[in-house]
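Here the structure comes first, spelled out in structure tokens, and everything after it is commentary.
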2 protein chains.
Amino acid sequence: MSTKPSEPALHLEQFLPYRLNVVGFFASRALGRIYGAHFGIDIPQWRVVAQLGEFGKLTSRDIGELAQMHKTKVSRAVRELESRGLVSRAENRQDRREAFIALTPAGTRVYAQIVPLALAFQARWTEGIAAEELKVFERVLATLTERGRHLAGGYREEEA
Amino acid sequence: MSTKPSEPALHLEQFLPYRLNVVGFFASRALGRIYGAHFGIDIPQWRVVAQLGEFGKLTSRDIGELAQMHKTKVSRAVRELESRGLVSRAENRQDRREAFIALTPAGTRVYAQIVPLALAFQARWTEGIAAEELKVFERVLATLTERGRHLAGGYREEEA
DNA sequence: CGCTATTAGTTTCAAACGCAACTAATTGGC
DNA sequence: GCCAATTAGTTGCGTTTGAAACTAATAGCG
């Protein structure tokens with residue numbers, strides 16, 4: 001009775017896709033609480049605000065691309081932010097299909113308040129991890145992300 | 001006019017919670033395709049099957065804890081798996097509130113088919129990354145996960 | 001014992017999600 | 001210049017989600 005040389009086992013808690021989802025979930029949940037409690041904003045809305053705060057005016061398409069969000073999610077987040085007076089919409093005269101979204105003064109103030117909270121959260125989260133290790137971590141993370149993008153295919157399906 | 005010493009900027013694409021969500025999303029999407037296309041199973045169902053494959057019979061509560069799933073998600077995944085004949089349910093005579101869930105022979109076969117696919121996916125995903133770096137990556141990931149669990153609070157709220 | 005608190009699991013319900021279809025505008029070939 | 005193809009963005013719709021309420025059973029405490 002020979003034993004099979006390698007029937008490799010799977011342990012979910014060590015399985016990378018699972019682990020990455022779990023850690024991402026924890027991060028979202030913690031951040032969502034901060035944004036929600038202080039500003040009544042959810043994660044999709046935060047992503048929009050963050051991109052606008054960083055890049056100034058953008059079209060919805062750009063936001064979706066930069067923030068990895070489905071276009072319907074962008075559309076809804078922008079609508080809600082606009083209704084709260086945090087972003088404004090200005091039709092592009094050169095191409096009236098699209099519109100430039102930008103933070104209003106009120107939106108800019110919210111952004112300015114959230115940024116330090118977000119950075120503090122990240123700082124607290126990574127506190128005490130050796131800078132060197134963190135660097136390796138981020139490099140590997142970048143590799144996995146880039147490859148993952150490939151393996152998953154974007155929102156837009158590739159040719160069949 | 002003195003410049004403020006440090007008004008640190010936030011760049012979403014370098015913001016860890018965001019990056020972890022994105023990479024987790026890619027992984028889920030890619031895996032979901034594999035499970036879905038080959039076995040008609042989604043990610044929550046896969047998590048249940050994976051835990052049962054690893055640990056044998058478990059209660060729904062155990063599954064939720066092990067796989068970090070909300071109890072309603074477990075409930076629905078188990079119901080669907082049961083209806084497809086992939087898991088069975090056996091009331092615990094010692095405590096009739098709970099039931100032991102286990103893979104049926106058909107479920108075991110599916111599990112045995114998925115495991116190599118999952119492992120191959122992970123192997124392909126991490127291919128070419130130095131073992132040393134991967135080790136660092138996983139260690140930091142474990143730290144972040146553990147801290148994230150704290151920062152996020154579990155499903156069950158802590159005392160107010 | 002008897003009654004309240006707790007726990008396992010399900011169901012209900014409203015919100016969020018994303019695909020597909022749609023509208024409106026622009027582009028590109030011919 | 002006109003018509004088909006493409007693109008930006010929204011809306012309709014069925015599915016998934018999780019919080020809260022609920023059911024059924026057990027545990028704990030008097």
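Residue numbers begin at 1 in each chain, while the letters A, B, ... track the order of the sequences. Because only heavy atoms are used, hydrogens play no part in the values below, and waters and symmetry mates are left out as well, while side chains stay in.
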Worksheet item: Are any of the side-chain heavy atoms of T59(B) and I63(B) separated by less than 4.5 Å?
Response: no
Item to complete: Compare the minimum distances between each of dG9(D), dT17(D), dC19(C) and the side chain of T72(A), then state the nucleotide with the smallest one.
Response: dC19(C)
Worksheet item: Without hydrogens or angle criteria, can the side chains of Q113(A) and H38(A) be said to hold a donor-acceptor pair below 3.5 Å?
Response: no
Worksheet item: For H70(B) and dA19(D), is the shortest distance between a side-chain N/O and OP1 or OP2 below 4.0 Å?
Response: yes
Discussion item. Short of 4.0 Å, heavy atom to strand atom, which residues of residues 43-57 of chain B count as contacting DNA chain C?
Written reply: none
Response to the item:
Comparing nearest nucleotides in DNA chain D, the 5'-proximal residue of the pair S75(A), R76(B) is S75(A)
Discussion item. For F15(B) and W46(A), take the angle between the two ring planes, folded into 0 to 90°, and tell me which bin it lands in: parallel under 30, tilted 30 to 60, perpendicular over 60.
Written reply: perpendicular
Worksheet item: Can you tell me if the side-chain N/O atoms of K73(A) get under 4.0 Å from OP1 or OP2 in dA16(C)?
Response: no
Worksheet item: How far does CZ of F55(B) sit from CD1 of I101(B), to the nearest 0.5 angstrom?
Response: 15.5 Å
Worksheet item: Whole-Å distance between dG9(C) P and I63(B) CD1?
Response: 8 Å
Worksheet entry | Lys/Arg-Asp/Glu bridge criterion (N-O < 4.0 Å) met for E80(A), R76(A) | no
Worksheet item: From dG9(C), dA19(D), dG9(D), pick the nucleotide closest to the side chain of T59(A)?
Response: dG9(D)
Discussion item. Tell me whether R147(A) is salt-bridged to E127(B), with the criterion being a basic N under 4.0 Å from an acidic carboxylate O.
Written reply: no
Response to the item:
Among the nucleotides dG18(D), dG9(D), dA8(C), whichever has the atom closest to the side chain of K71(A) is dG9(D)
Discussion item. Using a strict threshold of under 4.0 Å (side-chain N to carboxylate O), is an ion pair present between R61(A) and E98(A)?
Written reply: no
Worksheet entry | Sub-4.0 Å heavy-atom contacts from residues 77-101 of chain A onto DNA chain D, ordered by number | R79(A), R89(A), R97(A), E98(A), A99(A)
Discussion item. Could you tell me how far apart L58(A) (CG) and dA8(D) (C1') are, to the nearest whole angstrom?
Written reply: 14 Å
Worksheet entry | Carboxylate-amine/guanidinium contact E82(A) R79(A), below 4.0 Å | no
Worksheet item: So, is S60(A) close to the dA8(D) phosphate, meaning a side-chain N or O under 4.0 Å from OP1 or OP2?
Response: no
Fill in: Value rounded to 0.5 Å, distance of CZ in R89(B) from OG in S60(B)
6.0 Å
